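Taking it in order: structure first as structure tokens, then the write-up.
Each ligand, and each atom within it, is numbered from 1 in the order the structure gives. Remember, predicted model here, so these are calculated numbers, not experimental data.
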Amino acid sequence: MTDVCTKYESVFAQWVGVSNAFSFWKGRVALYAILEALDIGQGDEVILPGYTCVMDVNPVKYLGAKPIYVDIEPVTYNIDVNLLESKITTNTKVIIAQHTYGYPCEMDAIMEIAARREIPVIEDCCLALGSKYKDHTVGTFGRAAYFSFQWNKPFTTGIGGMTVTNDSELADRIETICQERLCQPSFKAVFMLSLQRLIYRLFIYPRTTALAANIFRWLTKKGVVVGSSSTCEFAPEMADNFFMAMSLSQSRAGLRQLKKIEANIAHRKQMRYVYDDLLTRAGWTVPAIPDTMDPVLVRYPVRITDKATALAKAPSAGVEIGSWFECPLHPIETPMHLYDYTDGMCPVAERASRQVVNLPLHPRADEKTARKTVAFLTEFNQAQA
Ligand SMILES: *Cc1c(COP(=O)(O)O)cnc(C)c1O
């Protein structure tokens with residue numbers, strides 16, 4: 001482990017407020033490290049919300065464990081704690097609490113059930129950097145947590161992931177697993193990723209994001225760029241080089257991003273109120289988030305009537321709206337049967353997948369962006385009605 005990576009890990013751990021952090025090539029690798037360190041394997045069950053990214057489920061499947069999906073509640077899109085306990089069996093080994101869009105989960109209820117049933121909780125903080133629940137930062141509640149620094153996340157290093165934990169025994173096991181098996185990214189992969197970060201900085205701003213995303217996706221499928229997901233990751237078999245370390249250049253980028261983190265968070269909080277206000281004034285009902293939650297949103301979710309058409313029309317209107325999650329195991333291409341999901345398992349999540357689009361609140365989106373986005377959605381929704 002090089003100095004820059006170690007420094008990024010320790011600065012990140014300190015910022016979250018935990019004692020240990022481990023950096024990885026991607027967020028999904030960070031989850032894999034935790035599951036492996038918790039000894040998850042054949043016959044074990046891992047509880048997840050049925051409204052997630054398939055890349056979250058892959059590590060569970062790689063280890064031979066079975067994902068058990070719990071439906072979400074419709075306001076914060078997080079795991080419905082009233083349904084959680086009924087899904088727990090003697091085989092349940094982990095509960096993954098995903099803080100969707102940045103809304104923190106009902107951590108008191110989850111931790112109470114988990115403690116009583118003696119099941120470790122892993123927090124998925126990939127979309128929730130800096131969100132708080134009852135004044136505590138997400139990532140500090142569970143046995144461990146993980147973060148992602150992929151393009152769409154609260155801040156990006158191109159791709160990248162981090163595991164954090166306060167449990168020194170678990171940290172020791174992760175350390176050992178990393179020493180034994182973690183592989184280093186190839187020179188080519190690191191170089192291409194650095195190039196992509198440069199392109200991203202130069203060209204991607206709200207107007208062109210949809211176009212750029214499409215180009216990226218296409219190039220990824222062609223194997224030209226280091227995508228966040230390669231085609232082989234749509235099947236539950238682990239690639240030889242999956243368990244990969246974070247590169248120096250990602251760590252350097254991460255350290256730079258961390259210097260701007262407070263401004264990033266302040267901006268996201270401010271933008272959330274801007275959207276609340278604009279949407280309310282345009283006649284939308286905005287989500288009633290409990291006072292116990294102080295979310296830092298990664299994107300602002302809104303339910304609309306005709307998601308597919310809105311997504312198709314947005315780019316030409318110069319509006320950046322996102323589609324996740326497109327189905328309970330995003331994206332829509334996921335072969336659901338390979339991941340033990342059958343239609344109707346999580347009806348609330350399925351409805352959300354059909355209705356929810358998400359609006360930008362990243363540092364490049366400002367009040368003007370929000371006004372334009374809300375105007376587009378309002379006009380569009382009225383035309384559909
Ligand atoms: C992006 C994401 C991940 C995976 O992160 P990667 O860095 O792309 O592997 C996991 N969970 C959620 C909720 C995410 O949004």
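Atoms of ligand 1 lying under 4.0 Å from any heavy atom of Gly27, numbered from 1 in the order shown and given with element: 5 (O), 6 (P), 7 (O), 9 (O). The contact set between ligand 1 and Gly160, taken as ligand atoms under 4.0 Å from a residue heavy atom, comprises 7 (O).
Donor-acceptor pairing under 3.5 Å is lacking for the side chains of Asn78 and Tyr101. In summary, the side chains of Thr156 and Gln150 do not present any donor paired with an acceptor at a separation below 3.5 Å, with no hydrogens or angles considered.
With respect to the salt-bridge test (charged N to carboxylate O, under 4.0 angstrom), the residues Glu85 and Arg117 qualify.
Residue Tyr300 is tested with Val274, Asn358, Val286 for a side-chain contact (heavy atoms from CB on, under 4.5 Å); the sole match is Val286.
Distances between N or O atoms of Asp56 and those of ligand 1 include at least one value under 3.5 Å. Note: no N/O pair closer than 3.5 Å links Phe325 and ligand 1 by distance alone.
At a heavy-atom distance under 4.0 Å, atoms from both the backbone and the side chain of Arg28 approach ligand 1.
Close to ligand 1: Asp124, with a non-hydrogen atom less than 4.0 angstrom away. Judged by the shortest distance from any of its heavy atoms, Ala30 lies outside the 4.0 Å radius around the atoms of ligand 1.
Considering only non-hydrogen atoms, atom 14 (C) of ligand 1 lies nearest to Lys153 out of His330, Gln98, Lys153, Met55.
The list of salt bridge (Lys or Arg N to Asp or Glu O under 4.0 Å) pairs with a residue in residues 141-161, not counting sequence neighbours, reads Arg143-Asp167.
Counting heavy-atom neighbours within 6.0 Å of Lys66 NZ, excluding the residue itself, gives a total of 12 or less.
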